[in-house]
Amino acid sequence: MGRRKTYDELTFTDDFMFREVMENHPEICQELAELLTGRKVLEVRLPEAQKEEKFLYEGRGVRFDIYFEDQANTVYDIEMQTVVRTSIKKRSRYYSSMLDMDHLRQHMSYSELPDTYIVFICLDDPFHRDSVRYTFRETCEELPDLKLEDGSTIIFINSKGRDGTSPELQDFLEYLNGRLPKSDLTEAIDRAVRDQKEDERGRRKYMTLQEHYDEEREEGREEISFVMKRLLNAGRIEDAKRAVDDSKYMDQLLEEFGRKEPVH
């Protein structure tokens with residue numbers, strides 16, 4: 001694990017700063033959503049607290065980076081991805097299901113489910129096809145002109161792409177990669193980042209979150225060590241090898257042995 005950034009070293013591509021800027025500046029959120037989706041967004045309705053769903057689906061919850069609704073009740077989730085892993089494709093499916101589940105829990109019928117847009121801003125190309133934008137909607141394999149029209153759209157933005165994009169989007173992508181801002185949008189983002197760094201409340205919030213993450217990481221290490229000792233003492237060498245690479249199996253073992261209480 002590399003050295004953690006200090007608060008003053010954060011940029012717009014860091015999760016914490018991305019969330020703070022987007023939540024505190026709805027006008028930036030609105031303009032960026034329009035740029036990335038190609039849709040007209042007249043209103044940004046942010047929830048009082050950003051969505052943090054605790055659905056226990058295979059033991060995983062999800063914390064959306066930026067979640068909001070527009071004037072047509074269309075739902076948006078915009079995610080910043082500094083590291084692009086192969087699991088991002090399956091994760092996009094999971095995030096989409098969580099957006100739907102949130103609304104179904106509000107006793108909506110299927111016909112009332114809102115249209116959803118999930119946007120992953122990727123600092124590397126997730127598909128290695130050199131496109132700036134990859135937009136996915138459901139279509140029929142046998143009849144490509146037949147659209148499912150389920151209202152779900154998933155977009156991956158590749159900051160390294162260079163294929164005929166607009167000057168505004170090109171400037172945004174270059175800004176993500178460390179270039180100086182040129183457009184009104186990137187200048188507004190850069191100004192918001194500088195202002196955020198002067199906010200002592202934001203600084204304290206960042207430090208508190210990092211302390212919390214350190215505690216969770218330490219508790220996780222203790223649980224893994226606990227499981228490994230139990231497996232090795234029982235001579236279950238193959239199970240120990242499998243648990244190293246299979247997080248779902250590790251969770252099963254924790255349930256089997258009983259989760260170790262963290263040391264405080």
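In what follows, residues are counted from 1 in the order of the sequence shown.
- Counting only residues at least two apart or on different chains, no salt bridge (Lys or Arg N to Asp or Glu O under 4.0 Å) pair has a member in residues 133-144.
- For R91, the side-chain contact (heavy atoms from CB on, under 4.5 Å) test picks out Q81, I88, Y95, F120, with sequence neighbours left out.
- With sequence neighbours left out, F16 forms a ring pair (Phe, Tyr, Trp, His ring centres under 6.0 Å) with Y206.
- Applying the salt bridge (charged side-chain N to carboxylate O under 4.0 Å, His left out) criterion to R236, with sequence neighbours excluded, gives D239, E256.
- The local environment of NZ in K197 is crowded, with over 12 non-hydrogen atoms from other residues, nucleotides or ligands closer than 6.0 Å.
- The structure places OH of Y76 at 11.0 Å from CG of L36, a figure rounded to the nearest 0.5 Å.
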Practice prompt. Carefully, step by step, assess Y67 and E79 under the rule side-chain contact (heavy atoms from CB on, under 4.5 Å).
Written response: CA-CA 9 Å; Y67 172 104; E79 301 285 326; over 6 Å; no

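- Under the rule for a side-chain contact (heavy atoms from CB on, under 4.5 Å), L180 has no partner lying at least two apart in sequence or in another chain.
- Within the hydrophobic cluster formed by Ile, Leu, Val, Met, Phe, Trp and Tyr side chains joined at under 4.5 Å, directly or through other members, L143 is accompanied by L146.
- Between F68 atom CZ and E43 atom CD the span is 10.5 Å, to the nearest 0.5 Å.
- I189 contributes atom CD1, which lies 8.0 Å from atom CD of E31 (distance to the nearest 0.5 angstrom).
- In this structure, the side chains of V119 and D77 stay at 4.5 Å or more apart for every pair of heavy atoms.
- The salt bridge (Lys or Arg N to Asp or Glu O under 4.0 Å) analysis of residues 111-129, with sequence neighbours excluded, yields the pairs D124-K160.
- F257 has its side chain within reach of V227: a pair of non-hydrogen atoms, C-beta onward, lies under 4.5 Å apart.
- Rounding to the nearest 0.5 angstrom, the gap separating the CG atom in D70 from the CD atom in E34 is 9.5 Å.
- Tested against M80 for a side-chain contact (heavy atoms from CB on, under 4.5 Å), the candidates D14, I157, I66, I121 yield a single pass: I121.
- Taking L113 as the reference, D100, H103, L104, Y110 meet the side-chain contact (heavy atoms from CB on, under 4.5 Å) condition, with sequence neighbours excluded.
- Formation of a donor-acceptor pair under 3.5 Å by the E9 side chain with backbone atoms of T6 is found in this model.
- A distance-only check finds no donor-acceptor pair linking the side chain of S96 to the backbone of S92 [under 3.5 Å].
- With sequence neighbours left out, the side-chain contact (heavy atoms from CB on, under 4.5 Å) criterion links D184 to E187.
- Checking side-chain atoms of D130 against main-chain N and O of G161 turns up no donor-acceptor pair under 3.5 Å.
- Within a 6.0 Å radius of CZ in R45, more than 12 heavy atoms belonging to other residues, nucleotides or ligands are found.
- In this structure, E149 has no salt bridge (charged side-chain N to carboxylate O under 4.0 Å, His left out) partners at least two apart in sequence or on a different chain.
- Heavy-atom contacts from other residues, nucleotides or ligands closer than 6.0 Å to CE of M207 number 12 or fewer.
- Checking side-chain atoms of T186 against main-chain N and O of P181 turns up no donor-acceptor pair under 3.5 Å.
- The number of heavy-atom neighbours closer than 6.0 Å to NZ of K5, taken from other residues, nucleotides and ligands shown, is above 12.
- Residues meeting the side chain to side chain donor-acceptor pair (under 3.5 Å) test with N24, sequence neighbours left out: Q196.
- For residues 165-202, no pair satisfies ring pair (Phe, Tyr, Trp, His ring centres under 6.0 Å), with sequence neighbours left out.
- Distance check: Y7 OH to Q210 CD gives 11.5 Å after rounding to the nearest 0.5 Å.
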